Amino acid sequence: MVQSLVKSSLIPGFYKLSPQDRLALLRQFADLSDAECRLLKNTGSLPLDLADHMIENVVGAMPMPFGIGVNFLINKRDYLIPMVTEEPSVVAAASYAAKMVREGGGFHASSTPPVMIGQIQAVDIEKPEAAKLSVLAAKQEILKKANEQDPLLASVGGGAKDLDAKVIHTTMGDMMIAELQVDCRDAMGANAVNTMAEAVAPLIEQLTGGKVLLRIISNLATKRLAKAWCTVPKESVGGEEVVDGILNASAFAAADPYRAATHNKGAMNGIIAVVLATGNDHRAIEAGAHAYASLKGKYTSLSTWEKDPNGDLTGSIELPMAVGLIGGAVRTHPIAKIAVKILGVKTANEFSEVLAAVGLAQNLGALRALASEGIQRGHMSLHARNIAMAAGVPEQLLERVARRMVEERKIRMDRARELMKKLSAAGQ
Ligand code: MEV
């Protein structure tokens, strides 16, 4: 099989091969060198057979930097925050902001019960409004059927708790959408909710006389929200002018979707880094956050910054936070398990509150920099280091090459190489 490969991406049975055999095929296709294959194969702390069971068509693993956000005081408890990201300055900015917030007593955070929504789509219904009422009238029966799917969840206080139904008007005609509300406790809940949604589908068909199509969790988790807020003394932020700058940045994001997208991206820099470190589904969190930011019909900011009567800065953030501590990669990936241990969170609710606080910190870190010295100063030294590394500058010259490029404001590979040559020639 390996020998017979021509350069086609049509590879029947690729999934059945071992990671080694897949790599052999890949090597031919992409002309990978021995060294490149060795790098891919080196899965580090994620055993290859575990990786091979996590997703399909595995050939290796990709390590990412794992950093620690410090200085976080949340609901009067100290936390060290595991963060996985490829972006320079994120961990430093979060830690810096957490220190400022600490000077004002730390973050406060709260969350709703961990309720996820499961949608069941019924089409081809003659009288959708009447069908909706029939579904609502059968709520107890539907909830019972849903809860039979997961007795364990019910035994720990979770399970399907409520049911809603709505009629929507679409390009394909009217549809009746039933929405199960499931308390997922410490699970993210996609499996439990999807199983329940599938199980109640025949009942929904009976009740509506229609046909059920989609049965799936919604990532717009408006019933599973986390909130964090803080007050930062104006002196800690850098004085009145910086506070006013942050207020203007907040107003800008509230009014303009182009700015709101970047403002929210800043908050998500922190949240997603922690979500990744713990092996949670970061796409679910991103989707939920941005959909929530548009819920009122116009995309806007997830956080708000104001000034209290004392002139100190106050900020808050609220967003859906569908994260779990059990199930999936959270419980299988060895590094994710360590990340959860570092966090020390005991429930998914506590975890969601920490994430909201991290998002607020990250947002504050970015706005403070933007409203004072600008973002590039902090960013540039790490960026320059990365460029120098990519240009092949040896470890002993990295710092000097990076510093020179920042001073000259010429952060480019060709300049890194020139400087490397110059410094090497000068024997430095
Ligand atoms: C960069 O990753 C994030 C920022 O653009 C966020 C912001 O502008 O608020 C700095």
Side-chain angles (χ1 to χ4, degrees), residues 64-69 71-72 81-101 107 228-230 232 236-238 241-277 282-283 285-290 292-294 298-307 313-319 355-387 390 402 406 409 411:
M64 294 266 283
F66 184 112
I68 298 291
N71 308 325
F72 277 83
I81 312 292
M83 301 176 84
V84 168
T85 179
E86 88 302 338
E87 184 170 332
S89 299
V90 165
V91 180
S95 303
Y96 185 82
K99 186 154 176 285
M100 295 193 284
V101 173
F107 296 93
W229 62 99
C230 64
V232 196
S236 308
V237 195
E241 216 178 306
V242 183
V243 170
D244 286 339
I246 293 175
L247 262 47
N248 274 300
S250 178
F252 182 9
D256 177 29
Y258 286 85
R259 174 55 206 156
T262 322
H263 177 103
N264 292 341
K265 190 270 185 185
M268 299 314 281
N269 272 345
I271 293 173
I272 295 301
V274 189
V275 171
L276 267 176
H282 56 99
R283 289 86 53 214
I285 302 297
E286 285 281 5
H290 296 292
Y292 192 64
S294 335
K298 182 184 169 202
Y299 186 87
T300 186
S301 51
L302 291 163
S303 70
T304 309
W305 293 95
E306 289 167 340
K307 205 158 48 170
L313 182 69
T314 63
S316 65
I317 190 167
E318 183 185 74
L319 71 166
L355 286 165
V358 171
L360 191 61
Q362 202 73 60
N363 178 228
L364 172 60
L367 297 191
R368 192 212 58 84
L370 288 167
S372 45
E373 77 262 12
I375 208 79
Q376 289 307 73
R377 204 176 79 187
H379 253 248
M380 277 308 135
S381 47
L382 278 165
H383 175 55
R385 239 186 104 86
N386 284 342
I387 294 285
V406 172
R409 294 181 173 269
I411 303 172

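Below, all heavy atoms of this structure are taken into account, side chains as well, without hydrogens, waters or symmetry copies. Note that the coordinates shown come from a computational prediction; the quantities given were computed from them, not determined experimentally. Remember, it's 1-based here, ligands and their atoms both numbered in the order they're listed.
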- Message: Could you check whether any side-chain N or O of Ser250 sits under 3.5 Å from a backbone N or O of Ile246, counting only pairs where one atom can act as donor and the other as acceptor?
- Response: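 Not a single qualifying donor-acceptor pair exists.
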- To the nearest 0.5 Å, tell me how far Trp229 CH2 sits from Thr314 OG1.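 The distance works out to 12.5 Å.
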- Item | Identity of the nearest option to atom 6 (C) of ligand 1, non-hydrogen atoms only, from Thr262, Asn269, Leu364, Asn363 |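 The option holding the nearest heavy atom is Thr262.
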- Query: Who gets closest to atom 7 (C) of ligand 1 by heavy atom: Gln362, Met268, Arg259, Lys265?
  - Reply: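 Among Gln362, Met268, Arg259, Lys265, the closest heavy atom to atom 7 (C) of ligand 1 comes from Arg259.
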- Query: Shortest non-hydrogen contact from Gln362 to Ala93?
  - Reply: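 Closest heavy-atom pair between Gln362 and Ala93: NE2-CB, 3.8 Å.
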- What is the minimum heavy-atom distance between Ser301 and His263, and which atoms define it?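 Closest pair (atom of Ser301, atom of His263, distance): CB-CD2, 3.6 Å.
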- Enumerate the atoms of ligand 1 whose separation from the nearest heavy atom of Leu370 is less than 4.0 angstrom.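 The atoms of ligand 1 under 4.0 Å from a heavy atom of Leu370 are 7 (C), 8 (O), 9 (O).
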- ligand 1 N/O within reach of Glu87 N/O, cut-off under 3.5 Å: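 N/O-N/O distance under 3.5 Å: yes.
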